[in-house]
Amino acid sequence: MELHIYKDAQAVSTAAATLIAARVIGQPDCVLGLATGSTPLATYRRLIELYRSGVVDFSRVTTFNLDEYRGLESAHPQSYHHFMQENLFRHVNVDRERIHIPSGNGDEDAVCRTYEEQLAQAGGIDLQLLGIGRNGHIAFNEPADHFPAATHIVELTASTIEANRRFFDSAEAVPRRAVTMGVGTILRARAILLLAAGADKADAIHAMVHGEITPRCPASALRLHPNTVVLLDEAAAARL
Ligand code: F6R
């Protein structure tokens with residue numbers, strides 16, 4: 001695990017966008033794993049700028065998102081389908097046929113199985129972008145007693161529902177279930193780029209870097225991955 005510490009969140013985002021753009025330029029048909037949440041927003045804005053200025057071309061890139069709520073239609077304003085559309089996809093030239101986000105609807109087993117099959121058909125993920133939850137979750141892999149190997153359905157924890165309620169009218173409106181890549185799916189990516197900014201991530205970053213490798217802190221599994229780069233601002237790195 002390689003750590004880089006930047007002054008602030010903006011510098012983290014600029015560095016992340018630069019690494020992603022370099023990957024796409026060097027490997028135009030790469031498979032990118034993408035995340036939602038607040039953390040990657042400025043990175044996506046910077047990638048859009050780089051696309052508009054002709055630096056990067058997404059036309060041959062394939063994307064796979066980490067996760068999606070269960071029970072929200074794709075067009076729901078809080079669905080991750082909608083998030084990706086609004087914050088990245090509609091602003092760049094990604095081929096719509098090459099975008100993959102697990103479905104929030106339909107038979108749960110079939111959704112999970114199909115997603116893993118699509119990942120395998122695409123040849124796996126070249127570069128996976130990640131945020132981290134305050135409890136150390138990655139994607140929707142919450143603290144648990146094992147590391148889930150593959151895409152699966154989860155019940156969201158109270159802390160994740162609370163953290164995400166800011167996007168909904170009330171905590172009651174936050175979906176209780178989600179579909180997510182497993183920790184194993186993430187570890188199969190050939191390279192991982194985790195971003196974190198802000199003091200509220202400092203405990204999770206400390207646990208990820210210095211704590212025990214345990215499914216109680218899902219992000220700690222990234223220490224087992226041979227090619228993980230972590231970009232932090234000073235506040236998120238404060239406990240290292
Ligand atoms: C998003 C995801 C989540 C977030 C995490 C941090 O697709 O899988 O694990 O990365 O909850 O969220 P933010 O960035 O909003 O702090």
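Numbering of ligands and ligand atoms starts at 1, following listing order.
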Could you tell me the residue and atom name of the protein heavy atom closest to [atom], and the distance to it rounded to 0.1 Å?
| atom | value |
| --- | --- |
| atom 9 (O) of ligand 1 | A139 O, 2.7 Å |
| atom 14 (O) of ligand 1 | T39 OG1, 2.4 Å |
| atom 2 (C) of ligand 1 | D67 OD2, 3.4 Å |
| atom 15 (O) of ligand 1 | S38 N, 2.8 Å |

Check each atom of ligand 1 against the heavy atoms of G37 and keep those under 4.0 Å away; list them by number with element. 14 (O), 15 (O)

Checking contacts here: is it the side chain or the backbone of [X] that comes within 4.0 Å of ligand 1, counting heavy atoms only? Could be both or neither.
| X | value |
| --- | --- |
| T36 | both |
| I132 | backbone |
| M84 | neither |

Taking the basic N atoms (NZ, or NE/NH1/NH2) and the acidic carboxylate oxygens, is any pair closer than 4.0 Å for [X] and [Y]?
| X | Y | result |
| --- | --- | --- |
| K7 | E234 | yes |
| R70 | E108 | yes |
| E49 | R52 | no |

T151 pairs by side chain to side chain donor-acceptor pair (under 3.5 Å) with which of Q118, E117, E116? E116

For a side-chain hydrogen bond (donor to acceptor under 3.5 Å, both in side chains) check, start with the C-alpha distance between R166 and S38, then their side-chain angles and the critical distance, and finish with the verdict. CA-CA 11 Å; R166 66 192 191 278; S38 321; 2.7 Å; yes

Would you say E142 and T160 are linked by a side-chain donor-acceptor pair, where the criterion is simply a distance under 3.5 Å? yes

From the options H137, E142, E68, select the one whose nearest heavy atom is closest to atom 11 (O) of ligand 1. H137

Would you say K201 and ligand 1 have an N/O pair spaced under 3.5 Å apart? yes

